[in-house]
Amino acid sequence: LSIILWPLAVGLLDSSQSFGRLLLGSIVGIILGAIVFFGLATVMGQNPSWFGTGFALEVATWGAVLGWFGVKYARE
């Protein structure tokens with residue numbers, strides 16, 4: 001849900017941001033976050049204690065990619 005709501009909110013509140021580019025950044029970020037999450041899963045194995053750390057890393061990756069898209073493609 002936040003994949004769509006966050007770019008929509010930023011696009012509406014900031015005229016220098018394009019909703020389409022932010023949505024693209026959000027989708028790319030969630031894909032890269034999933035890669036990080038499953039990469040950690042392959043290293044940690046069957047121990048379920050890594051799930052919280054994996055989720056935190058996934059959300060951090062999503063936010064970093066979305067922030068990069070926001071800075072890279074902002075209109076002047």
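Computation of the quantities below employed the complete heavy-atom set of this structure, encompassing side-chain atoms and omitting hydrogens, waters and symmetry-equivalent molecules.
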| request: Quick one: which residue pairs count as a ring pair (Phe, Tyr, Trp, His ring centres under 6.0 Å) with a foot in residues 13-35, not counting sequence neighbours? | output: none
For residues 23-31, please give each side-chain donor-acceptor pair under 3.5 Å, one per line with the distance, not counting sequence neighbours.
unit_1	atom_1	unit_2	atom_2	d
S26	OG	I3	O	3.1
S26	OG	W62	NE1	3.0

Side chains of residues 49-58: which donor-acceptor pairs under 3.5 Å do they make with residues two or more places apart or in other chains?
unit_1	atom_1	unit_2	atom_2	d
S49	OG	N47	OD1	3.2
S49	OG	N47	ND2	3.2
W50	NE1	N47	O	2.9

| said: With a 4.5 Å cut-off on side-chain heavy-atom distances among I, L, V, M, F, W and Y, is there a chain of contacts connecting I35 to W68? | reply: yes
| field | Heavy-atom closest pair, residues G70 and Q17 | value | O-NE2, 3.1 Å
| Rounded to the nearest 0.5 Å, how far does CG of L66 lie from OG1 of T61? | 12.0 Å
| request: Decide whether V10 and L12 are clustered together by the hydrophobic rule: side chain heavy atoms of Ile, Leu, Val, Met, Phe, Trp, Tyr closer than 4.5 Å, transitively. | output: yes
